[in-house]
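Shown next, in structure tokens, is the structure this report addresses.
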Amino acid sequence: MDGLLFGSLLILLLAYFALLFFYIEEFEDILGALIPVLFAFVFYSIIQKQNAAKIEQNEERLRLAIDATRAGLWDLNFATGRLIISDAWFDIIGYHPSELRPLNQAKWKKLVHPEDYAAAHPLFVQHLKGLNELHEATLRIQHKNGNWLWFQSRGKVIAQDQSNRAVRMTGTLIDLSKQKELEISLKNQLAENQKLFKENAYQSSKIADNEEKYRVLYENSMDAIILIKGQEFIDCNNITCQFFKCDRDQFIGEAPYRFSPKTQPDGRLSTEEARKAIEKAEKGEAQIFDWQHQRPNGELFDVSVSLNALHINGIQYVQAVLRDITEKKRIEAELKNYRKNLENLVEQRTAELTQAMNDLQNTQAQLIQSEKMASLGILTAGVAHEINNPLNFIMGGYRGLEIYLNNTELHTDPDLKKLMGSIKIGADRAIKIVKGLNQFSRSKESFDEKCDLHAILENSLTLLTNELKDRVEIERNFNEQPLIILGNIGNLHQVFINIIHNASDAIADTGKIILNTRQEADQVIIECIDNGDGVSEEDLPQLTVPFFTTKEQGKGTGLGLSISYGFIQKHNGTLAFESKLHEGTKVTITLPYPSK
């Protein structure tokens with residue numbers, strides 16, 4: 001532009017001298033015509049240069065505004081199907097432009113959440129048909145890291161062909177992050193308030209000697225400005241009446257706490273707190289605080305208050321600047337409730353997850369224990385079978401030998417009788433143990449077996465003979481008539497063995513276990529009472545909790561009573577404990593007794 005201007009001037013100067021040399025007589029007329037043209041051209045060139053500078057400046061401002069708002073500009077060409085979006089938008093979703101370009105509608109569809117695409121596409125089609133002046137939609141677009149970001153998309157067709165079909169469409173994509181915006185808004189609001197307070201204090205000191213300038217600022221402020229002398233409102237600007245929704249006459253002459261509720265939200269008395277704040281301001285201590293006011297109609301609203309001492313014509317006043325922060329308080333309350341609800345939800349979900357993990361661990365442990373018991377049952381059944389075969393040979397041999405001796409004179413020999421008796425006792429005891437093992441290892445899952453409780457108790461005592469003999473005395477107080485219920489023989493064996501075994505473990509050296517059975521109406525009661533160490537009152541409720549044990553480490557898994565409790569529940573019965581430290585424990589099992 002500068003070169004063009006210089007060339008034009010040079011041509012005009014050459015023309016001027018040529019005319020001066022050849023046409024001196026006509027020079028004045030020609031020069032008079034050229035000079036306006038020359039100035040018009042120079043003025044036009046200057047204007048063009050200024051316009052170019054403004055365009056460049058506006059483009060830079062637009063670029064800065066786009067960068068500041070984290071917006072993406074997009075351009076869709078329907079002829080080529082290409083979608084062009086500004087580089088700033090790719091940074092927002094975590095991609096380098098080269099990773100997605102060329103960007104077409106197919107790639108765009110993959111980036112947009114399916115639900116949002118389905119909702120926005122009909123609106124897009126309606127705009128193309130001219131039914132909507134502007135296409136606007138809220139979309140979730142997937143970040144490179146997998147997260148979904150919210151964007152507001154706005155666009156408009158800017159070019160059409162002769163058939164009024166869309167050829168080109170442009171628009172914007174704006175990142176929406178409401179929570180971030182709220183936080184930034186609150187921070188900016190606080191900074192703005194602090195800045196305003198400083199500006200008001202500065203302006204107050206500057207206009208103390210110029211009442212006219214003070215009045216201009218006073219009346220044109222967007223905040224309520226009130227003059228206080230003593231404990232009374234003596235002046236206010238027009239916006240104050242709008243704040244309090246009352247006439248000036250209703251306001252002037254009243255005490256500051258007259259337009260406040262009896263107490264502030266934190267419970268402080270408004271009268272006392274207002275008096276203290278004004279007295280401090282009168283002493284030169286600037287006061288900044290939040291306050292709740294009450295309009296004459298009873299409506300409450302929140303303000304941010306700044307109190308400063310002010311001198312006008314040698315008289316001291318207190319200037320109060322009030323800014324309405326009702327909306328800010330509402331947003332803060334919503335954020336607080338949201339944060340509290342989120343914390344409660346996290347705590348609830350954490351507790352639920354912890355409980356689920358505990359339940360899973362308990363279930364897993366019980367399954368493992370059940371598998372162990374099942375494996376033990378299989379092993380026990382095998383052992384009983386293998387022992388039973390040689391026992392049959394022994395008993396067969398015994399009976400053959402007995403028949404043979406009875407036919408000879410040796411049957412009267414006392415030593416031989418004693419030996420034969422020992423063989424018979426040992427064989428019978430082995431048969432009894434094998435029978436008990438077979439009962440213990442029963443794997444039937446049904447609960448419709450006829451269970452002789454006395455027989456099951458005797459089998460359980462037989463299996464525990466080695467642990468009980470010479471150390472624990474067993475006292476049996478059984479019901480006179482057999483007690484037969486419907487249930488699972490194998491499960492009941494495990495229950496009685498666990499309970500009698502625990503009673504035996506509770507007896508340190510020697511002691512006694514009492515087994516009582518009786519029928520009461522439609523129930524059967526089985527009691528196991530020992531005089532062992534007992535259980536503390538604090539531990540008593542936890543006896544059936546999985547993994548809880550009062551035994552020394554390595555001597556118990558804490559699953560025996562838990563499994564027994566589960567078996568009793570399956571029999572529709574109850575399991576109860578009574579115990580005192582160093583006095584023993586009483587375990588009571590209640591089972592339903594079938595009516596005849």
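It should be emphasised that the depicted structure is a prediction, and the values quoted were computed from it without experimental measurement.
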* **Check: Trp148 ring centre within less than 6.0 Å of His143 ring centre** =>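 No, ring centres 6.0 Å or more apart.
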
* Hey, do the aromatic rings of His96 and Phe90 have their centres closer than 6.0 Å? -> no

Could you tell me which non-hydrogen atom of [X] sits nearest to which non-hydrogen atom of [Y], and how far apart they are?
{"X": "Asn237", "Y": "Ala224", "answer": "OD1-CA, 3.7 Å"}
{"X": "Ala137", "Y": "Ala120", "answer": "CB-CB, 3.7 Å"}
{"X": "His571", "Y": "Pro592", "answer": "O-CD, 3.3 Å"}
{"X": "Leu575", "Y": "Ile568", "answer": "N-CG2, 4.2 Å"}
{"X": "Asn488", "Y": "Asn491", "answer": "OD1-N, 2.9 Å"}
{"X": "Trp74", "Y": "Ser153", "answer": "NE1-OG, 3.9 Å"}

* Listed by chain and number, what are the salt bridge (charged side-chain N to carboxylate O under 4.0 Å, His left out) partners of Arg140, not counting sequence neighbours? -> Glu115, Asp116

Before accepting this row, confirm whether a basic side-chain N of the pair [X]/[Y] lies closer than 4.0 Å to the acidic partner's carboxylate O.
{"X": "Asp161", "Y": "Arg168", "answer": "no"}
{"X": "Lys329", "Y": "Asp302", "answer": "no"}
{"X": "Glu343", "Y": "Lys340", "answer": "no"}
{"X": "Glu352", "Y": "Arg349", "answer": "yes"}

* For Phe243, what residues pass the ring-ring contact (aromatic ring centres under 6.0 Å, His included) criterion, not counting sequence neighbours? ->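 So Phe243 forms no ring-ring contact (aromatic ring centres under 6.0 Å, His included) with any residue.
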
Heavy-atom side-chain contact between [X] and [Y] under 4.5 Å:
{"X": "Thr350", "Y": "Val346", "result": "yes"}
{"X": "Ile93", "Y": "Leu100", "result": "yes"}
{"X": "Gln294", "Y": "Ser260", "result": "no"}
{"X": "Tyr117", "Y": "His113", "result": "no"}
{"X": "Gln287", "Y": "Val318", "result": "no"}
{"X": "Ile92", "Y": "Leu149", "result": "yes"}
{"X": "Asp175", "Y": "Phe151", "result": "yes"}
{"X": "Gln319", "Y": "Ile225", "result": "yes"}

[atom1] of [X] to [atom2] of [Y]: how many Å apart, nearest 0.5 Å?
{"X": "Asp75", "Y": "Leu83", "atom1": "CG", "atom2": "CG", "value": "8.0 Å"}
{"X": "Leu128", "Y": "Met169", "atom1": "CG", "atom2": "CE", "value": "6.0 Å"}
{"X": "His121", "Y": "His135", "atom1": "NE2", "atom2": "NE2", "value": "10.0 Å"}
{"X": "Leu342", "Y": "Glu347", "atom1": "CG", "atom2": "CD", "value": "10.0 Å"}
{"X": "Leu196", "Y": "Met222", "atom1": "CG", "atom2": "CE", "value": "12.0 Å"}
{"X": "Ile239", "Y": "Ile226", "atom1": "CD1", "atom2": "CD1", "value": "11.5 Å"}

So, [X] versus [Y]: side-chain donor-acceptor pair below 3.5 Å or not?
{"X": "Gln264", "Y": "Glu273", "answer": "no"}
{"X": "Tyr338", "Y": "Glu334", "answer": "no"}
{"X": "Asn498", "Y": "Ser564", "answer": "yes"}
{"X": "Asn132", "Y": "Gln126", "answer": "yes"}

Specify whether [X] and [Y] have parallel, tilted or perpendicular ring planes, treating 30° as the upper limit for parallel and 60° as the lower limit for perpendicular.
{"X": "Trp291", "Y": "Phe289", "value": "perpendicular"}
{"X": "Phe233", "Y": "Phe259", "value": "tilted"}
{"X": "Trp108", "Y": "Trp89", "value": "tilted"}

* Could you give me the CA-CA distance, side-chain angles and deciding distance for Glu192 and Lys195, then say whether salt bridge (Lys or Arg N to Asp or Glu O under 4.0 Å) is met? => CA-CA 5 Å; Glu192 185 179 349; Lys195 181 180 178 181; over 6 Å; no

Just by modelled atom types, is the [Y] backbone N or O under 3.5 Å from a matching donor or acceptor in the [X] side chain?
{"X": "Ser270", "Y": "Pro261", "value": "yes"}
{"X": "Thr240", "Y": "Cys236", "value": "no"}
{"X": "His127", "Y": "Leu123", "value": "no"}
{"X": "Gln250", "Y": "Asp247", "value": "yes"}

* Show the numbers, then the answer: is there a side-chain contact (heavy atoms from CB on, under 4.5 Å) between Leu322 and His293? => CA-CA 10 Å; Leu322 279 57; His293 276 296; 3.5 Å; yes

Heavy-atom count around [X] [atom1] within 6.0 Å, excluding the residue itself: above 12?
{"X": "Lys280", "atom1": "NZ", "result": "no"}
{"X": "Lys107", "atom1": "NZ", "result": "yes"}
{"X": "Arg295", "atom1": "CZ", "result": "yes"}

* To do: Check the pair Asp290 / Ile325 against side-chain contact (heavy atoms from CB on, under 4.5 Å), numbers first and verdict last.
  => CA-CA 9 Å; Asp290 290 345; Ile325 57 171; 3.6 Å; yes

* Candidates Pro296, Cys241, Cys246 - the one meeting side chain to side chain contact (heavy atoms under 4.5 Å, CB included) with Phe251 ->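 Of the listed residues Pro296, Cys241, Cys246, the side chain to side chain contact (heavy atoms under 4.5 Å, CB included) partner of Phe251 is Cys246.
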
* Stepwise side-chain contact (heavy atoms from CB on, under 4.5 Å) check, Gln189 with Arg323 -> CA-CA 11 Å; Gln189 186 70 33; Arg323 168 163 291 189; 3.8 Å; yes

* Results of side chain to side chain donor-acceptor pair (under 3.5 Å) for Asp87 - residues two or more places apart only -> Arg101

